[in-house]
Trainee: 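I have a structure here, written as structure tokens, and I will follow up with some questions on it.
Whatever order the structure lists ligands and atoms in, that order sets their numbers, starting from 1. Each residue takes its place number in the sequence, starting with 1. Keep in mind the model is a prediction, meaning the values are calculated, not measured. Just so it is clear, the values below take in all heavy atoms, side chains as well, and ignore hydrogens, waters and symmetry mates.
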Amino acid sequence: MRVDIVSIFPEYFAPLDLSLIGRARENGTLRLAVHDLRSWTHDVHRTVDDTPYGGGPGMVMRPEPWGEALDALAPDELSPDGHTLPRLLVPSPAGVPFTQAMAHELAAESHLLFACGRYEGIDQRVLDHAATRLRVTEVSLGDYVLFGGEVAVLVILEAVTRLLPGVLGNAGSLDEESHAHGLLEAPMYTKPATWRGHEVPEVLRSGDHGRIARWRRDEALARTAARRPDMMAALPPDSLDKRDVAALDRAGFQLPPGDVAK
Ligand code: JAH
């Protein structure tokens, strides 16, 4: 996968040299380039921002450097290597929610282009113009405001890179993890069996794989009920059996009336 990032703070992306992302870059799984937006300015001050039309606090990113950056990184003429146009991703608190499902979608793309805004954001015409020829997605990591899109890009890239073929040693573990099956994961433990007076649950040391699977499901249900009402509401009605309902009842969770467990 090819990835281009445009930012006024290219230094933010130094961590992408490290660990599993760094290795994916070294072995060619991830072809990543970081670009300084100011390289597409022409004035002595390398200006990228100006005051907002309509008034209000803060500054807005001017369209001209962004226009040149997108022209350079997503040229209209198909490149000789036959590359298709990139998908443009713009982190913004006003974007659509980033999810594990979107991470899978992005991992199937051949070229991603990230535009990192700062200040109050990028002049809307940049995104409107880009959308006349590229697929543009404004994406949010959650309902909070950062100084800019850089940290959001680090998060998105980490979620996507680990889904690329060959990046994780055990690809089979991908579909067992949190958010893959609509419940939070059960807690995990390792040795020693007793630590500072806290014991690993007996069932996990029993070797009884049926009991262990049932215990993990009960814990996943109890946790999800306690922490994530949004995930409980999104569970397909037929996804809970009688034992699930009993586990939720023990955890003090009231199922909405009318839900019949199979
Ligand atoms: C803030 C440009 N959902 C996380 C998130 C993503 C981007 C931004 N803030 C929060 C942001 C200022 C300028 C982007």
Trainee: M102, V167: one ILVMFWY side-chain cluster at the under-4.5 Å cut-off?
Mentor: yes
Trainee: Quick one: look at F147 and ligand 1, take heavy-atom pairs under 4.0 Å, and tell me if it's side chain, backbone, both or neither.
Mentor: backbone
Trainee: With the side chain counted from C-beta on, respond yes when V153 and F13 share a heavy-atom pair under 4.5 Å apart, and no when they do not.
Mentor: yes
Trainee: Can you see which heavy atom on E109 is nearest to which on M1, and at what distance?
Mentor: O-CE, 3.1 Å
Trainee: Among all the protein's non-hydrogen atoms, which is closest to atom 9 (N) of ligand 1, and how far away is it?
Mentor: L146 N, 3.1 Å
Trainee: Does an N or O anywhere in S140 fall below 3.5 Å from an N or O of ligand 1?
Mentor: yes
Trainee: Looking only at protein heavy atoms, identify the closest one to atom 6 (C) of ligand 1 and say how far it is in Å.
Mentor: S92 N, 3.8 Å
Trainee: Considering only heavy atoms of G142, which atoms of ligand 1 have at least one such atom less than 4.0 Å away?
Mentor: 3 (N)
Trainee: Using a strict cut-off of 4.0 Å, indicate which atoms of ligand 1 neighbour a heavy atom of Y119.
Mentor: 12 (C), 13 (C)
Trainee: Do E202 and R211 come within less than 4.5 Å of each other through their side chains, counting heavy atoms only?
Mentor: yes
Trainee: What residues form a side chain to side chain contact (heavy atoms under 4.5 Å, CB included) with A247, not counting sequence neighbours?
Mentor: R214, D218, L221, R250
Trainee: Looking only at protein heavy atoms, which one is nearest to atom 3 (N) of ligand 1, and how far off is it?
Mentor: L141 N, 2.9 Å
Trainee: I need the nearest protein heavy-atom contact for atom 2 (C) of ligand 1: residue, atom name and distance, please.
Mentor: G117 O, 3.5 Å
Trainee: Which residue and non-hydrogen atom of the protein lie closest to atom 8 (C) of ligand 1, and at what distance in Å?
Mentor: P93 CD, 3.5 Å
Trainee: Looking only at non-hydrogen atoms, find the nearest pair between S140 and G95 and report the distance.
Mentor: CB-O, 3.6 Å
Trainee: Write down the atom of Y12, the atom of L154, and the distance for their closest heavy-atom approach.
Mentor: O-CD1, 3.7 Å
